[in-house]
Amino acid sequence: KLQFLYFIVNLLLCQACLRSILCKAIPRIMHPHFPNLRADRPLVFVYGTLKKGFYNHENVMKKRAECYEYIGDATTSEKYPLLLDVYAVPYLVRKSGMGHCISGELYQVTDEGLQALDELEGVPGRYCRELISVTPKGSTETLSAHLYQIKNVPNLEARQLYSEYTLELHKAYKSKTERDESLRKDWGGYE
């Protein structure tokens, strides 16, 4: 009986070691449109100032380029309200089913990169980060990706909603140092 128990313990240890070796040796997910997806890195969908050519992409993501890998353009599978405040800061509100399917970019990030984005967005607190379904451009399949959303905005029904935060809209963007804090509202934006 003792030899059998020894055999089982060794077998389990070998399986755990094999699984660990395989996970490190084969970290890629087989996906027809994105063959370079890694199983050990989460996806993040960005819709605003973190997109290529926008303020926070240049000042956050480019400074830690090793943490962020652009996968491609994508759209949210569900509708969400996307609005701008007086400083052209985009806010995607945590209220699926209202607004538009939102166009943005999909990134694969390291744990360090995800932590940096959490700090930038004020998670937990002002924003929340949740997994949603996104549809990559040119695909009918969906992927799960993290999305940063503001929790609530008053009078949402009366606000102008967008399907995409464009470079044209971004021209009016003001960085945190350029904003008048007296205009900041309880929900987090400026009015």
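Interatomic distance, CG of L84 versus NE2 of H170, reported as 11.0 Å (0.5 Å rounding). With rounding to the nearest 0.5 angstrom, the CD atom of E105 is 11.5 Å from the OG1 atom of T75. Here the straight-line distance linking atom CD of E58 with atom CE of M61 works out to 10.5 Å at 0.5 Å rounding. One distance of note links OG of S144 with CD1 of I132; it measures 9.0 Å at 0.5 Å rounding. A distance of 8.5 Å separates SG in C101 from CD in E78, rounded to the nearest 0.5 Å. How far CG of L147 is from OH of Y47: 6.0 Å, rounded to the nearest 0.5 Å.
Of the possible donor and acceptor atoms, one in the side chain of T166 sits under 3.5 Å from a partner among the backbone N and O of L169. Put simply, the side chain of Y87 gets close to the backbone of D180: a donor and an acceptor are under 3.5 Å apart. A donor-acceptor distance shorter than 3.5 angstrom exists from the side chain of Y165 to the backbone of A88, with no hydrogens or angles considered. The closest donor-acceptor contact from the side chain of R159 to the backbone of L82 lies at 3.5 Å or more, if one exists at all. With hydrogens and angles disregarded, no donor-acceptor distance shorter than 3.5 Å links the side chain of K95 to the backbone of L156. With hydrogens and angles disregarded, no donor-acceptor distance shorter than 3.5 Å links the side chain of Y68 to the backbone of Y107.
Ring-plane geometry between Y173 and Y55 is classed as tilted, the angle between the planes lying from 30 to 60 degrees on a 0 to 90 degree scale.
For the residue pair T135 / S77, a side-chain donor-acceptor distance below 3.5 Å is found, with atom types taken as modelled. The closest side-chain donor-acceptor pair between Y127 and D118, if any, does not fall under 3.5 angstrom.
When the shell of 6.0 Å around CD of E66 is examined, it contains more than 12 heavy atoms from other residues, nucleotides or ligands. Enclosure of atom CZ in R129 by more than 12 non-hydrogen atoms of other residues, nucleotides or ligands within 6.0 angstrom is indicated. Within 6.0 Å of the NZ atom in K62, the count of heavy atoms belonging to other residues, nucleotides or ligands does not exceed 12. More than 12 non-hydrogen atoms from other residues, nucleotides or ligands lie less than 6.0 angstrom from CG of N59. Within 6.0 Å of CD on Q115 lie no more than 12 heavy atoms contributed by other residues, nucleotides or ligands.
The shortest side-chain heavy-atom distance between L50 and V44 does not fall under the 4.5 Å cut-off. Between H146 and L131 the shortest side-chain heavy-atom distance falls below 4.5 Å. With a 4.5 Å cut-off on side-chain heavy atoms, P136 and L143 count as touching. Between R94 and N152, the closest side-chain pair of non-hydrogen atoms is not below 4.5 Å.
Exactly one residue among Y190, W187, Y91 makes a side-chain hydrogen bond (donor to acceptor under 3.5 Å, both in side chains) with D85. That residue is Y91.
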For N155 and E191, what are the C-alpha separation, side-chain angles and deciding distance, and is it a side chain to side chain contact (heavy atoms under 4.5 Å, CB included)? CA-CA 12 Å; N155 305 318; E191 297 182 303; over 6 Å; no

Take L92 and Q149 through the test side chain to side chain contact (heavy atoms under 4.5 Å, CB included) and record every step on the way to the result. CA-CA 5 Å; L92 195 145; Q149 305 171 72; 3.9 Å; yes

Kindly indicate, with the supporting measurements, whether the criterion side chain to side chain contact (heavy atoms under 4.5 Å, CB included) is fulfilled by V46 and Y148. CA-CA 8 Å; V46 299; Y148 290 92; 5.9 Å; no

List the steps and the verdict of side chain to side chain contact (heavy atoms under 4.5 Å, CB included) for R184 and R179. CA-CA 9 Å; R184 186 177 209 136; R179 300 177 200 159; 5.9 Å; no

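Listed here is the closest heavy atom pair of G125 and K151: O-NZ, 2.8 Å. Closest approach of P42 and D111 over heavy atoms only: CD-OD1, 4.4 Å. Taking every heavy atom of both residues into account, I150 and G188 meet most closely at CD1-CA, 4.4 Å. Of all non-hydrogen atoms in G113 and C67, the two that sit nearest each other are CA-CB, 3.8 Å. The two residues H100 and T76 have their closest heavy-atom pair at O-OG1, 4.3 Å.
In this structure, F54 has its ring center at least 6.0 angstrom away from the ring center of H57.
A cation-pi arrangement is present between K52 and Y70, with the terminal nitrogen or guanidinium carbon under 6.0 Å from the aromatic centre and inside a 45° cone about the axis.
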